[in-house]
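Hydrogens, waters and symmetry mates are skipped; everything else that's a heavy atom, side chains included, is used. Not measured: the values here are computed from a predicted model.
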Amino acid sequence: MTAVDDRVVAFRRLHSSGCFVMPNPWDVGSARALEQMGFKALATTSAGFAWALGRADNQATLDETLEHLRLVAGAVAVPVNADFQGGFADDPQQVAANVKLAVATGIAGLSIEDSTGDDVQPLYGFDLAVERVRTARRAIDESGSGVVLTGRSEGFVVGRPDIDETIRRLRAYAEAGADCLYAPRIDNVEQIAAIVAAVSPKPVNLLISAPFITVTEAADLGVRRISVGGTLARAAWRGFLQAANEISEMGTFSLFEQLPNVDALFSHQ
């Protein structure tokens with residue numbers, strides 16, 4: 001069994017019981033730092049990666065994303081889940097082809113979301129959205145990789161916060177072969193519990209991008225997996241922008257105190 005296969009097995013085991021936090025690095029350095037902190041799995045963030053390229057979220061290309069996945073997955077020993085956005089295609093068969101490319105990068109999991117990027121119709125129609133998940137499942141099965149497939153419904157991200165429709169979609173994605181279900185931007189405890197109950201026994205990922213809940217409280221609701229999306233990257237950007245703005249506007253350097261020894265993080269690798 002290869003190292004990649006080992007990580008897929010480990011990732012699947014994490015989804016079988018309990019609750020684990022899967023934080024989101026945006027480059028190799030942040031991935032290695034998080035691994036050293038003891039996190040058992042990591043996940044990429046399309047937003048954090050795009051910002052590192054000087055672009056807005058969803059502006060990285062498929063080829064850029066695949067190379068990013070190779071770099072991050074190759075830099076750490078823990079499983080890496082890929083934020084694969086909408087599969088970089090509308091057509092289900094092209095989504096499947098792109099999923100096969102992603103699987104070959106060494107990732108242990110990936111997500112397919114149902115947002116279109118179109119302000120007028122921000123979500124794919126129900127049947128098409130389900131078929132996109134189904135073909136992604138088929139592509140993973142054909143690869144023989146065992147990679148964990150997460151079905152994401154983006155209604156609460158794109159201005160369609162309908163919990164009934166979100167649950168309808170998540171149930172359908174589960175039936176279409178998604179191993180894990182995910183509806184980002186939901187921060188209502190009752191709605192989280194409703195999603196967990198609706199797709200049980202399949203695991204649910206919860207996005208925490210604000211301090212509305214703790215890991216223990218999420219676990220008590222039955223959440224299996226927690227991610228933070230681009231929020232760690234935003235926290236890093238906050239520190240950078242605050243220090244740079246102080247220099248630009250005040251000509252002072254007060255935020256250069258009590259800084260971490262970043263070099264020490266990587267000096268023994």
Counting C-beta onward and ignoring hydrogens, is there a side-chain heavy-atom pair between [X] and [Y] closer than 4.5 Å?
| X | Y | result |
| --- | --- | --- |
| Asn81 | Arg225 | yes |
| Pro184 | Arg152 | yes |
| Thr150 | Ile112 | no |
| Val76 | Glu35 | yes |
| Ser145 | Val8 | no |
| Val72 | Leu42 | no |
| Met37 | Leu34 | yes |
| Tyr182 | Val204 | no |

Decide whether [X] and [Y] are clustered together by the hydrophobic rule: side chain heavy atoms of Ile, Leu, Val, Met, Phe, Trp, Tyr closer than 4.5 Å, transitively.
| X | Y | answer |
| --- | --- | --- |
| Phe212 | Val157 | no |
| Ile192 | Val199 | yes |
| Leu241 | Trp51 | yes |
| Leu123 | Tyr173 | no |
| Val78 | Val147 | yes |

(message) Between Thr252 and Ile247, does the side chain to side chain contact (heavy atoms under 4.5 Å, CB included) criterion hold? Intermediate values first, please.
(response) CA-CA 5 Å; Thr252 56; Ile247 298 167; over 6 Å; no
Can you give me the closest heavy-atom contact between [X] and [Y], atom names plus distance?
| X | Y | result |
| --- | --- | --- |
| Ile208 | Thr231 | O-OG1, 4.4 Å |
| Ser115 | Val158 | CB-CG1, 4.0 Å |
| Arg32 | Ala75 | NE-O, 3.3 Å |
| Val21 | Phe39 | O-CD2, 3.8 Å |
| Ala82 | Leu69 | CB-CD2, 3.6 Å |
| Leu170 | Ala183 | CD1-CB, 4.0 Å |

(message) Test: ring-ring contact (aromatic ring centres under 6.0 Å, His included). Region: residues 82-133. Which pairs qualify, not counting sequence neighbours?
(response)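 Residue pairs passing ring-ring contact (aromatic ring centres under 6.0 Å, His included), neighbours aside: Phe84-Phe88.
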(request) Could you list all the ring-ring contact (aromatic ring centres under 6.0 Å, His included) pairs where at least one residue sits in residues 10-35, not counting sequence neighbours? (result)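 Applying ring-ring contact (aromatic ring centres under 6.0 Å, His included) to every pair that reaches into residues 10-35, excluding sequence neighbours, yields Phe11-His15, His15-Phe20.
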May I ask you to decide if [Y]'s main-chain N or O and [X]'s side chain share a donor-acceptor pair within less than 3.5 Å?
| X | Y | value |
| --- | --- | --- |
| Ser143 | Ile140 | yes |
| Gln36 | Ala33 | no |
| Arg224 | Pro203 | no |
| Asp179 | Val148 | no |
| Gln94 | Asp91 | no |
| Thr116 | Asp118 | yes |
| Ser248 | Ala244 | no |
| Lys202 | Cys180 | no |
| Asn24 | Val228 | yes |
| Arg132 | Ala89 | yes |

Under 3.5 Å, is there a donor-acceptor pair linking the side chains of [X] and [Y]?
| X | Y | value |
| --- | --- | --- |
| Ser254 | Glu246 | yes |
| Asp27 | Ser30 | yes |
| Thr44 | Asp83 | no |

Partners passing side chain to side chain contact (heavy atoms under 4.5 Å, CB included) against [X] (at least two apart in sequence or in another chain):
| X | answer |
| --- | --- |
| Gln59 | Arg55, Ala56 |
| Ala218 | Leu206, Ile213, Val223, Ile226 |
| Asp162 | Asp164, Glu165 |
| Val189 | Leu221 |

Spacing of [X] atom [atom1] and [Y] atom [atom2] [to the nearest 0.5 Å]:
| X | Y | atom1 | atom2 | result |
| --- | --- | --- | --- | --- |
| Arg185 | Glu154 | CZ | CD | 8.5 Å |
| Phe49 | Glu67 | CZ | CD | 8.5 Å |
| Ile186 | Leu207 | CD1 | CG | 10.0 Å |
| Glu142 | Thr135 | CD | OG1 | 10.0 Å |
| Leu62 | Leu101 | CG | CG | 6.5 Å |
| Leu128 | Arg134 | CG | CZ | 11.0 Å |

(message) As a quick check of understanding, evaluate side chain to side chain contact (heavy atoms under 4.5 Å, CB included) for Arg137 and Asp141, giving each step before the final call.
(response) CA-CA 6 Å; Arg137 171 79 274 154; Asp141 291 345; 3.2 Å; yes
(request) Output, in order, the C-alpha distance, side-chain angles, deciding distance and verdict of side chain to side chain contact (heavy atoms under 4.5 Å, CB included) for Gln85 and Thr65. (result) CA-CA 10 Å; Gln85 299 170 253; Thr65 299; 4.3 Å; yes
(request) Would you mind checking if Arg169 and Asp114 are paired as a salt bridge, meaning a charged N to carboxylate O distance below 4.0 Å? (result)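 Looking at Arg169 together with Asp114, the answer is yes, because their closest N to O distance falls below 4.0 Å.
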(request) Tell me, with the steps shown, if Arg234 and Arg238 meet side chain to side chain contact (heavy atoms under 4.5 Å, CB included). (result) CA-CA 6 Å; Arg234 290 175 63 206; Arg238 175 178 60 188; over 6 Å; no
(message) If you count every heavy atom of other residues, nucleotides or ligands that lies below 6.0 Å from Asn261 atom CG, does the total exceed 12?
(response)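 More than 12 heavy atoms, drawn from other residues, nucleotides or ligands, come within 6.0 Å of this atom.
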